[in-house]
Amino acid sequence: MTGGGKRRGLTSYDMTALFVLILGGATLFGLVIWGNSLGTDSEPSPLLIEAKWSQLDDGSRFARVASEDGAAEMALRCWTSTGQGHTCLRAYRQDMSGFRSVTVDREIVTELAPRIFPYSSTINGYSCGRIIGDVETITRAGQTLESNMPPRDGGPWSKAFVARYMKRNRVGGSGWFPCLDVLRNVTSGSLETLGTTSITRRSLGG
């Protein structure tokens, strides 16, 4: 604004929209690469990075992989779940268009993959992330249905709200877990923090 007027700062809506826009672009970018570069059983894609799983003292497994150019990174911390394979926390870091985004979600896998794609993938259910501020999202088929940026929007979502919203709108995928706590741990440290005692099985929620 010219003439000595005050410049309007970014609102909660602006920052949430920015996060969703950049995260969506990063996800689309990752999916396009994934679709074009899967490789074959005999010649795996060079974008699938070998995962060196380490076993931690609490019995969980941890791995961290990064793209060759360092623009994308993913860390996983997985605990064995009775009858369900493994329940994992995932943290993504993506540098794109001059911004750095960090996203945290939770998923159930049948086995621990030997090679991992470090780019963000389509998220269904509840997750959270940070670009400028922290934001919680509920997504379906990779599309954001609701978002919340605490404390600007009145505080974080409750477990009951997330469960009710997902049930009423037939949203699959992960339900509520203390995502913002995990996010703040990895953004105050690094994705490697996911593999430390700062994160415990309680971080999976219930």
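Between Met166 and Ile138, some side-chain heavy-atom pair lies under the 4.5 Å cut-off. Proximity of Ile199 to Leu194: side-chain heavy atoms (C-beta onward) are separated by under 4.5 Å at one or more points. A 4.5 Å side-chain heavy-atom check between Arg93 and Arg100 finds at least one atom pair inside the cut-off. Contact check for Tyr92 versus Leu191: no side-chain heavy atoms found under the 4.5 Å cut-off. Counting heavy atoms from C-beta outward, Trp53 and Cys78 have side chains that approach closer than 4.5 Å. Side-chain contact between Asp134 and Cys128: absent, with no pair of heavy atoms (C-beta onward) separated by less than 4.5 Å. At a threshold of 4.5 Å between non-hydrogen side-chain atoms, the residues Glu50 and Pro114 do not count as touching.
Taking the six-membered ring for Trp and thresholds of 30 and 60 degrees, Phe177 and Tyr126 have ring planes more than 60 degrees apart, a perpendicular arrangement.
A distance of 10.5 Å separates CZ of Arg64 from OG of Ser54, quoted to the nearest 0.5 Å. Annotation: the span from Cys179 atom SG to Leu204 atom CG amounts to 11.5 Å, rounded to 0.5 Å. With values rounded to the nearest 0.5 angstrom, Asp181 atom CG is found 10.0 Å from Thr200 atom OG1.
Of all non-hydrogen atoms in Ser188 and Asn185, the two that sit nearest each other are OG-O, 3.1 Å.
There is a path of hydrophobic side-chain contacts, each under 4.5 Å, that joins Leu56 to Val186. Note on Leu76 and Ile108: separate hydrophobic clusters, where clusters join Ile, Leu, Val, Met, Phe, Trp and Tyr whose side-chain heavy atoms are under 4.5 Å apart, directly or indirectly. A continuous path of hydrophobic side-chain contacts links Leu145 to Val104 [ILVMFWY only; heavy atoms under 4.5 Å].
When atom types are taken as modelled, the side chain of Trp157 and the backbone of Trp176 share no donor-acceptor pair closer than 3.5 angstrom.
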key: Stepwise side chain to side chain donor-acceptor pair (under 3.5 Å) check, Thr137 with Ser127   = CA-CA 6 Å; Thr137 58; Ser127 63; 3.1 Å; yes
ask   = Run the side-chain contact (heavy atoms from CB on, under 4.5 Å) check on Arg184 and Arg130 step by step: do they pass?
value = CA-CA 9 Å; Arg184 287 162 188 161; Arg130 174 183 293 181; 3.8 Å; yes
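The residues Arg201 and Asp58 are annotated as not salt-bridged, no charged nitrogen and carboxylate oxygen being separated by less than 4.0 angstrom.
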